[in-house]
**Q** 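I have a structure here, written as structure tokens, and I will follow up with some questions on it.
The analysis underlying the following values was restricted to heavy atoms, covering all of them including side chains, and did not include hydrogens, waters or symmetry mates. In this text the structure is predicted, and so the values were computed from the model without any measurement. Counting starts at 1 for both ligands and their atoms, in listed order.
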Amino acid sequence: MEFLNERVLKSIFLPGGVMLLVAVLVLGTHLIPLPENGVTFFYYAVIIAGGLLAWRFHSTRVLFSVVVLLLAHHAIEFLANGKGIASGPGRIAFESVALLLPLNFIFLTFLPERSSEGRVLFWFLLLVFFESVFVAATARPDQPVPGFLHFLLLRTYHTRVPQPAVFVFIAAIIFLLVRLVQFHKAIDSGMLWSLAAAWLGLQAGGVGKIGTAYFGAAAFMLASSIIENSYSLAYQDELTGLHSRRKFNDALLRLKAPYTVAVVDIDHFKSVNDTYGHDTGDQVLRLVASRLGRVGGGGEAFRVGGEEFTILFPNKYARDVTDYLELLRINIENSSFRVRSGEERRKAARDKERRAAKANVKGRVRSLPTPAALMLSVTVSMGIAESQPRLDIEEVIQHADKALYRAKHSGRNRIEISTLERKPAGRKKKVVST
Ligand code: GH3
Ligand code: MG
Ligand code: MG
């Protein structure tokens, strides 16, 4: 299950999943006594903090999700009017909210993450307005008891949240999960766990101490997803998902000898861009990065520049890691990348003549003819250097760069080890120590 790697699992469960677990432990076990007014304070504090954070970070989706939570909770509270949710207007409000809340969250995932457009606000306000009218119009005292959603799709299964709404919740959660596996965005994770918390809140009755606490927890997860998102923006490279240059700088501060550094550069990458367009170049970068991200031997890959990467191997000597890097080099060499959109293919056709004229570029980026799609493959060159007693990390990197330079000049698609290192045992064909 390649798509369920560590990064995806982290983006799914951290921090929302852990927070929900804590909320369930605290609210479900009654181990910690929670005063009613403490819960109310927590609820309003996180709603206000979440709203302010979302506004400050221009996060349209989080802002609207917080508003939806607030309205949902207040609709039940207002229409139940202290008489509970077993029957009457409180029941109708409860059922409407149970149905509309997950539908709203699905709708909100389609909004752009950041948007200052009035159009987006208009559609959101219109949606909320119609929903409020719907709830207010249906939640009259003369409505049938116990409610309009009180029918069973599965006879053996009873929950407080009406069954049809449970299915909508499950559908929304699956939908958000699929998006998370695809895009690993912190905000999607926040929305997923927030929805799960709101579901538990409704299961607990929607109002009252426990219901309110769950709704507060739901808003808390949304607010923290903004912080998580800012962290990812700073420490994760947006295009490839690898660790960013900033994280690399942080990692260098913590690195203690012995360690080995490998600098990796894609060969003739400029001609990939020139031949197939920048978008294809980006796709190739992503695919190469995904291979680098899975390097063995305890290595951690960082995107430090455009098509330049560095792999750090803490507690390893060069001789310990050359086999892993050689495997990586071969893996990339043998991968052919499918160019996805038709635009690149059209561009490739347009550039055909130009390519033919560039005789010196020919053969470097191998285009493999396939009937259905354009396939291309790239290679990488690497330079390796290990820690030395009298050198600081910057100098070690410089030696790795020099080794990379030699790899480029001796034909590319190869690994060179810095001259400072002892000769590694069992050298491979393309791992050269000079
Ligand atoms: P060499 O084998 O000597 O490394 O040749 P090269 O063409 O890869 O070397 P060079 O460093 O001259 O080219 C790097 C190119 O990478 C230049 C730039 O257009 C491209 N590039 C840098 N960042 C990105 C990016 O984020 N996306 C895309 N598509 N291209 C990028
Ligand atoms: Mg380069
Ligand atoms: Mg290059």
**Q** Once rounded to the nearest 0.5 Å, what's the spacing between atom OG of Ser225 and atom CE of Met19?
**A**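 Ser225 OG to Met19 CE: 9.0 Å, rounded to 0.5 Å.
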**Q** Of all the atoms in ligand 1, which lie at a distance below 4.0 Å from a heavy atom belonging to Gly281?
**A** 29 (N)
**Q** Please could you name the atoms of ligand 1 that Lys270 approaches to less than 4.0 Å, counting only its heavy atoms?
**A**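 Ligand 1 atoms under the 4.0 Å threshold to Lys270: 6 (P), 7 (O), 8 (O), 13 (O).
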**Q** Hey, can you tell me if Phe110 and Phe175 have their rings parallel, tilted or perpendicular (30° and 60° cut-offs)?
**A**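 It falls in the tilted class, 30° to 60°.
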**Q** Ile210 versus Tyr214: any side-chain heavy-atom pair under 4.5 Å?
**A** yes
**Q** Check Thr109, Ile173, Ile174, Leu20 against Leu192 for a side chain to side chain contact (heavy atoms under 4.5 Å, CB included) and give me the one that passes.
**A**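 The passing option is Ile173.
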**Q** Should Leu239 be counted as touching ligand 1, given the test is an N or O pair under 3.5 Å?
**A**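 Among all N and O atoms of Leu239, none is under 3.5 Å from an N or O of ligand 1.
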**Q** Report the part of Asp282 (side chain from C-beta onward, or backbone N, CA, C, O) that has a heavy atom under 4.0 Å from ligand 1; answer both or neither where that applies.
**A** both
**Q** Does any donor atom in the side chain of Asp237 or Thr240 lie under 3.5 Å from an acceptor atom in the other side chain?
**A** yes
**Q** Using atom types as modelled and distance alone, determine if a side-chain donor or acceptor of Ser189 lies under 3.5 Å from a backbone N or O of Lys185.
**A** no
**Q** Distance under 4.0 Å to a non-hydrogen atom of Arg412: what atoms of ligand 1 satisfy this?
**A** 1 (P), 2 (O), 3 (O)
**Q** Does the protein come close to atom 10 (P) of ligand 1 - that is, does one of its heavy atoms sit below 4.0 Å from that atom?
**A**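 Given the 4.0 Å limit, the answer for atom 10 (P) of ligand 1 is no, no protein heavy atom qualifies.
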**Q** Consider side chain to side chain contact (heavy atoms under 4.5 Å, CB included). Of Asp320, Ile384, Val295, Leu255, which one does Phe313 pass it with?
**A** Val295
**Q** Please state whether the rings of Trp199 and Phe169 are parallel, tilted or perpendicular, taking 30° and 60° as the class boundaries.
**A**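 Plane angle under 30°, so parallel.
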**Q** What protein heavy atom is closest to atom 6 (P) of ligand 1, reported as residue, atom name and distance in Å?
**A** Phe269 N, 3.4 Å
**Q** Are a donor atom and an acceptor atom from the side chains of Ser244 and Arg303 found within less than 3.5 Å of each other?
**A** no
**Q** For atom 5 (O) of ligand 1, which protein heavy atom lies nearest, and how many Å away is it?
**A** His268 N, 3.4 Å
**Q** Which residue is it: Thr379, Ile332, Leu285? I am looking for the one with a side chain to side chain contact (heavy atoms under 4.5 Å, CB included) to Ile266.
**A**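 Considering Thr379, Ile332, Leu285, a side chain to side chain contact (heavy atoms under 4.5 Å, CB included) with Ile266 is found only for Leu285.
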**Q** Are Arg303 and ligand 1 in contact, using a heavy-atom cut-off of under 4.0 Å?
**A**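 Contact present.
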**Q** Determine yes or no for a side-chain-to-main-chain donor-acceptor pair under 3.5 angstrom, with Asp267 supplying the side chain and Asn413 the backbone.
**A**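 Yes: the side chain of Asp267 pairs with the backbone of Asn413.
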**Q** Can you list, by chain and residue number, the protein N, O or S atoms under 2.8 Å from the Mg ion (ligand 2)?
**A** Asp265 OD2, Glu307 OE2, Glu308 OE2
**Q** Quick one: which ligand 1 atoms are inside 4.0 Å of a heavy atom on Asp265?
**A**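 Under 4.0 Å from Asp265, ligand 1 has these atoms: 4 (O).
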**Q** Using modelled atom types only, decide if a donor and an acceptor are shared between the side chain of Ser194 and the backbone of Met191 within a distance under 3.5 Å.
**A** no
**Q** Does ligand 1 come near enough to Lys408 that some N or O of the ligand is less than 3.5 Å from an N or O of the residue?
**A** yes
**Q** Can you tell me which portion of Ile266 lies within the under-4.0 Å heavy-atom range of ligand 1? Options are side chain, backbone, both, or neither.
**A**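 Within the 4.0 Å criterion, Ile266 contacts ligand 1 through backbone atoms alone.
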**Q** Of Asn413, Asn273, Thr240, which has the heavy atom at the shortest distance from atom 18 (C) of ligand 1?
**A** Asn273
**Q** Looking only at protein heavy atoms, which one is nearest to atom 25 (C) of ligand 1, and how far off is it?
**A**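 Answer, as residue, atom name and distance: Leu285 CD1, 3.5 Å.
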**Q** Could you give me the CA-CA distance, side-chain angles and deciding distance for Thr60 and Phe124, then say whether side-chain contact (heavy atoms from CB on, under 4.5 Å) is met?
**A** CA-CA 10 Å; Thr60 323; Phe124 174 69; over 6 Å; no
**Q** Provide, to 0.1 Å, the distance between atom 23 (N) of ligand 1 and the closest protein heavy atom, together with that atom's residue and name.
**A**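 Answer for atom 23 (N) of ligand 1: Gly306 CA, 3.1 Å.
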